[in-house]
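Have a look at the structure below, then the notes.
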Amino acid sequence: MAAHETPYRYDAARAGELETRWQAQWLATGANRAANPGDESFDATRPKYYILDMFPYPSGVGLHVGHPEGYTATDIVTRYKVMRGFNVLHPMGWDAFGLPAEQYAVQTGVHPAVTTRSAIDNFRRQLQRLGFAYDWSREFGTIDPDYYRWTQWIWLRAYHSYYDESRGCARPIAELEAKCRHEDRPLGDDGVVWSQSTPQQQQAYLDTLRLAFIGSQTVNWCPALGTVLANEEIVDGRSERGSHPVFRMPLRQWMFRITAYAQRLLDDLALVEWPDSTRTMQSEWIGRSEGAEVKFAVEGFGDLTVFTTRPDTLFGASYMVVAPEHPLVEWALAKCPKNFKEITEYVAWSRNRSDVDRQAESREKTGIALGITAMNPATGESIAIWTADYVLMAYGTGAIMAVPAHDERDFAFAARFKLPSRQVVAAADGTPFTADAAACGAGVACNSHNGDLSIDGLTTAVATTTMIDWLTATKRGARRVNFRLRDWLFSRQRYWGEPFPIVFDERGMHFPVSESALPVQLPQLVDYAPVQSDQPVPPLGKATAWVNTTAGEAGIDAKLLDPATAVRRETNTMPGWAGSCWYYLRYCDPKNAARFVSKEAEQYWMGDRGVDLYIGGSEHAVLHLLYARFWHKMLFDLGEVSTVEPFAKLFHQGMITSFAFERADGTLVATDAVHEADGGWIETAAHAPVTRVIAKMSKSLKNVVTPDEVVAEYGADTLRLYEMYMGPLAESKPWNTRDIAGVFRFLQRVWRLAIDERTGELQLARKADPAVERQLHRSIHKVAQDIERLAFNTAIAALIELVNAATRPTAMKDAADGGLTADQLSRFLRALAPFAPHICEELWQRLGERTSITKSQWPAVDESQLVDEILALPVQIQGKVRAHVTVPFNADAAQIEAIVLGDAKVQEAMAGRPPKKIIVVPKRMVNVLV
RNA sequence: AGGCCUGUGGCGGAAUUGGCAGACGCAGCGGACUUAAAAUCCGCAGAGCUCACCCUCAUCCGGGUUCAAGUCCCGGCGGGCCUACCA
């Protein structure tokens with residue numbers, strides 16, 4: 001039939017027309033608005049459900065097809081839950097501060113405020129074109145002063161708090177300060193008390209306890225990015241973004257004392273419904289290890305403390321190693337040892353190397369003896385102290401006891417430098433000890449006794465506790481838990497971020513901006529480029545009029561500082577992660593000018609367990625998700641939020657990959673340089689066969705697909721359906737443009753089921769076909785179940801099967817003889833609506849409905865339609881299917897046995913042999929053993 | 001080097017608790033309709049064997065548990081992700 005004969009066919013143009021029409025309508029009528037408690041339209045009888053997407057970082061290039069995957073999934077659940085009678089919160093916004101926007105601005109010469117706003121506008125347009133049921137009235141960006149005002153406020157709350165170890169939670173630091181003053185405590189080891197200390201000393205003391213504090217730290221300096229980076233932002237010694245080399249240097253920076261929360265961040269992973277892999281990654285990142293600290297006496301220096309997880313091997317510690325940055329190195333150099341020059345050179349060399357150099361080189365250990373010794377507290381022996389860069393200053397105490405017999409790293413080092421070794425553990429399974437390798441496993445202690453203590457013969461676990469008890473009793477050490485997690489470096493030498501609400505006076509003391517003076521606005525800068533320098537120089541320093549101000553002007557409490565005092569503003573800014581640490585809270589109450597979120601809105605939407613469903617990429621498994629949990633716990637301690645964890649259920653969508661082609665030598669070829677021939681692929685220019693492989697979408701491979709092009713060719717409903725039909729949400733899956741036709745044809749069939757393509761008239765069945773009716777109930781039931789378990793691909797398959805069953809044959813003369821009745825169509829459309837909302841809304845309205853399908857109820861399922869009266873059961877003889885029998889659905893085992901044994905084919909297969917055993921699995925199958 | 005995940009037709013995938021392997025879609029093949037093609041509708045379709053099958057083989061490879069294994073256990077091989085001198 002020619003196109004002119006089917007002018008009312010569902011094609012790209014029709015899809016585009018009806019989709020944009022309904023999108024405008026939904027937006028205009030606020031169809032997707034969620035009412036807050038206290039709002040006029042709020043219905044308190046409904047349960048709440050909070051569905052959150054990880055909000056995007058709007059980039060200049062716009063959305064790619066990976067973005068809508070997770071967004072479509074949450075949209076389906078949103079629409080489904082609304083139809084099921086929930087009050088659903090489903091918001092969207094923009095994570096818009098940060099490095100990429102700034103780098104893009106520097107490249108293009110356009111201010112990041114301008115490029116970011118236009119990127120946001122483009123992202124919003126693209127998302128709205130896909131018909132997602134976001135409550136757009138709640139939209140905000142992290143760059144909005146109304147938002148970052150509260151980011152600054154939360155930071156101030158942390159600044160004003162410390163971690164009370166005795167209570168295990170954050171408390172106002174004012175309480176601690178009052179206590180210090182009242183008790184007139186000594187502030188440090190030197191015994192100087194509070195009242196005898198200068199204000200600077202008092203502040204420095206409090207800074208060792210604040211949750212948001214300033215401190216001098218060895219930081220990761222990335223000259224190419226012109227900023228310092230958090231440990232989490234470094235991969236293989238290079239910046240996660242851009243892969244630039246990173247160097248270590250000491251710097252005074254704002255930090256978060258996330259380590260105070262290490263144990264709780266670890267423990268509470270048990271409370272959340274998250275993928276195991278993500279919980280494992282977080283717990284490994286936190287890196288709890290149990291062991292002991294042990295003091296080794298160094299004559300003239302004092303104690304050299306090490307952390308070890310194997311105190312049971314203390315008798316085998318035959319030398320020690322400290323990190324090149326360890327204070328003991330300076331002390332040793334001060335004694336002018338023979339190899340002073342070599343030590344100095346080694347330390348300088350290892351310090352200046354970037355991490356990438358350290359790791360690029362072979363594992364060959366380097367190091368140098370310091371020419372001093374320590375006393376092994378167990379053996380009383382003098383053992384040499386070395387320095388080597390395989391010992392990290394940032395972990396434990398920056399010093400180790402080396403037990404080459406039972407530690408692979410120590411073994412390699414000892415082998416290289418011919419250092420002594422002693423066996424102190426015998427393998428539990430009797431494997432003989434050799435000097436060729438370290439025996440790291442557990443076993444039984446040996447050669448481990450002195451006049452006071454013997455752990456010989458004890459298993460590793462018992463030997464460990466015995467040793468710790470002895471160390472504790474003799475004050476040579478103690479039980480200790482150590483974490484790999486380090487404090488979070490929270491300042492960046494960049495322009496495009498939240499300013500810190502803090503100023504410094506000429507003494508270098510810091511003062512917080514009052515809450516009432518927030519936000520501290522980011523000043524408009526014409527030149528915001530990073531400053532090329534060996535030393536970090538924040539671009540905000542160029543805003544001299546903004547930086548140099550008075551206490552009064554900056555909003556410092558007059559009780560803290562005279563308003564006329566000259567002060568300098570902090571010129572570092574917060575890192576890109578700041579805004580995403582609490583955005584899910586702001587969505588609950590985005591316009592609140594008095595609080596970051598009202599108690600009522602927070603308690604309602606966060607409920608008992610926080611966000612009910614959070615979907616986003618697994619690349620945020622450690623960074624964002626750990627930081628957000630940390631902020632949330634601080635806010636919980638301070639009484640600002642009511643749940644312990646922010647995200648109850650987390651799910652990661654897989655990556656959408658693409659095809660590329662690979663030559664015989666393993667190099668990749670762009671898709672446009674290849675053609676298909678005889679079921680294979682040929683590189684056109686070289687006439688050589690290539691194989692199809694799966695690769696990430698990239699410009700160079702010419703395999704990037706954008707939602708805009710798919711929407712133009714098929715419409716948004718088809719794109720949504722295709723992305724959900726590709727496979728399980730969690731898996732990574734290749735985009736295959738060819739396959740889109742399948743779901744598009746499905747929507748065309750849906751359309752044709754209701755609409756006569758030639759006339760545009762509604763066409764419906766006169767009466768319901770019982771088989772179709774039955775299948776309709778089953779499909780709706782399955783779709784509901786599948787949505788609950790996020791198995792959208794199988795839900796769609798069920799709907800396709802239903803439509804195939806209901807489709808009229810071409811030969812049918814009267815359309816009313818087939819298809820669906822109005823009532824059936826109504827129910828079918830509601831089941832499909834979460835997936836393909838536009839076409840369903842259109843057909844729904846054509847059925848005569850006047851309220852949006854969005855607001856309709858999920859169709860009811862008749863349970864009796866889900867069971868068959870007669871079941872076909874496969875019958876196995878000796879475990880192989882040999883026959884099928886039909887039985888009543890409620891037949892018991894005895895009845896089924898009788899039917900089976902009476903069946904001719906069964907008897908034939910049994911060949912006269914008597915049944916030895918019959919296994920009947922109700923409603924599944926029968927197995928006869930002879 | 002370690003940890004976690006994963007391996008099913010030509011392709012994407014299904015099989016929810018151990019119970020008929022390959023649902024559904026793509027690509028392919030055949031038919032109806034058409035002067036013809038497209039579109040549409042109906043059918044076929046894991047491999048093997050002489051057609052068919054209530055035959056044989058088959059879920060990366062090799063063992064095992066079980067009446068029964070894609071699914072559970074052990075050992076390999078391949079792919080992916082994470083961590084990577086963390087004492």
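Protein chains get the first letters and strands the later ones, always in sequence-line order, with residue 1 at the start of each.
- Pairing for B:rA68 is absent, with no Watson-Crick or G-U wobble pair whose two atom distances lie under 3.5 Å.
- Using a 4.0 Å heavy-atom criterion, one finds that A:Arg749 contacts the sugar-phosphate atoms exclusively.
- For A:Tyr390, the ring-ring contact (aromatic ring centres under 6.0 Å, His included) criterion is met by A:Phe413, not counting sequence neighbours.
- Electrostatic pairing of A:Lys733 and A:Glu69 counts as a salt bridge here, judged by a charged N lying under 4.0 Å from a carboxylate O.
- The environment of CZ in A:Arg924 is sparse: at most 12 heavy-atom neighbours from other residues, nucleotides or ligands sit within 6.0 Å.
- For A:Arg749, the side chain to side chain donor-acceptor pair (under 3.5 Å) partners are A:Asn804, not counting sequence neighbours.
- The gap from the C1' atom of B:rC82 to that of B:rG28 amounts to 41 Å, rounded to the nearest Å.
- Taking atom C1' on both nucleotides, B:rG76 is separated from B:rU83 by 24 Å, rounded to a whole Å.
- The CD1 atom of A:Ile286 sits 15 Å away from the C1' atom of B:rC82 (whole-angstrom rounding).
- Because its glycosidic torsion is within 90° of 0, B:rG9 is reported here as syn.
- The residue A:Asn804 sits close only to the backbone: its heavy atoms come under 4.0 Å of sugar-phosphate atoms, none of a base.
- One interatomic measurement links the two molecules: OH of A:Tyr10 to C1' of B:rA39, which rounds to 17 Å at whole-angstrom precision.
- Look at CG on A:Leu623: it is 11 Å from P on B:rC82, rounded to the nearest Å.
- Residues A:Trp386 and A:Phe417 bring their aromatic ring centres within 6.0 Å.
- For A:Ser618, the side chain to side chain donor-acceptor pair (under 3.5 Å) test picks out no residue, with sequence neighbours left out.
- Nucleotide B:rA21 is matched to nothing when pairs are restricted to Watson-Crick or G-U wobble geometry with both distances under 3.5 angstrom.
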Seminar exercise, completed: Nucleotide by nucleotide, nucleotides 12-22 of chain B touches protein heavy atoms under 4.0 Å in the pattern (B base, S sugar-phosphate only, - none) BSSSB--BB--
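- Within 4.0 Å (heavy atoms only), A:Ser618 reaches no atom of the nucleic acid at all.
- Here B:rC5 presents its P atom at 14 Å from CE of A:Met281, a figure rounded to the nearest Å.
- Each of B:rC41, B:rU56, B:rA84 was ranked by its minimum atom distance to the side chain of A:Arg752; first place goes to B:rC41.
- Spacing between B:rA47 and B:rG80 at atom C1', rounded to whole Å, works out to 29 Å.
- Within the 4.0 Å cut-off from OP1 or OP2 of B:rC82, not a single side-chain nitrogen or oxygen of A:Ser277 is found.
- In this model, no side-chain donor or acceptor of A:Lys916 finds a partner on the base of B:rC67 within 3.5 Å.
- Taking atom P on both nucleotides, B:rC44 is separated from B:rA52 by 14 Å, rounded to a whole Å.
- Across all strands shown, B:rG2 forms a Watson-Crick or G-U wobble pair with B:rC82, both key distances being under 3.5 Å.
- With P as the reference atom, B:rA58 and B:rA39 are 40 Å apart, rounded to whole Å.
- Two residues, A:Arg738 and A:Asp276, neighbour RNA chain B, and the one matched to the more 5' nucleotide by heavy-atom proximity is A:Asp276.
- Pairing for B:rU50 is absent, with no Watson-Crick or G-U wobble pair whose two atom distances lie under 3.5 Å.
- With sequence neighbours left out, A:Thr886 forms a side chain to side chain donor-acceptor pair (under 3.5 Å) with no residue at all.
- One P atom belongs to B:rG7, the other to B:rC57, and the distance between them is 25 Å to the nearest Å.
- Salt bridge annotation for A:Glu293-A:Lys295: absent, with no cationic side-chain nitrogen under 4.0 angstrom from a carboxylate oxygen.
- Remark: C1' of B:rC85 and CG of A:Asp407 are 9 Å apart, rounded to the nearest angstrom.
- At the heavy-atom level, A:Thr308 lies under 4.0 Å from the strands shown only through sugar-phosphate atoms.
- A salt bridge is defined here as a Lys NZ or Arg NE, NH1 or NH2 lying under 4.0 Å from an Asp or Glu carboxylate O, and A:Asp756 with A:Arg758 meets this definition.
- A sub-4.0 Å separation between OP1 or OP2 of B:rC26 and a side-chain N or O of A:Arg745 is present.
- The side chain of A:Thr807 approaches B:rC41 more closely than any other nucleotide in the set B:rC55, B:rC41, B:rC67.
- Rounded to whole angstrom, the span from the CZ atom of A:Arg882 across to the P atom of B:rA68 amounts to 14 Å.
- Following rounding to the nearest Å, A:Glu619 (CD) and B:rG80 (C1') show an atom-to-atom distance of 15 Å.
- With rounding to whole Å, A:Tyr8 atom OH is found 23 Å from B:rA39 atom P.
- With a cut-off of 3.5 Å on both Watson-Crick or G-U wobble distances, the partner of B:rC26 is given as B:rG10.
- With both ends at atom C1', the span from B:rU8 to B:rG70 equals 7 Å, rounded to whole Å.
- Atom P of B:rG10 sits at a distance of 14 Å from the matching atom of B:rC61, rounded to the whole Å.
- Within 4.0 Å of A:Ile400, counting heavy atoms only, lies at least one base atom of the nucleic acid.
- Scored by the ring-ring contact (aromatic ring centres under 6.0 Å, His included) test, A:Phe296 finds no partners at all (sequence neighbours excluded).
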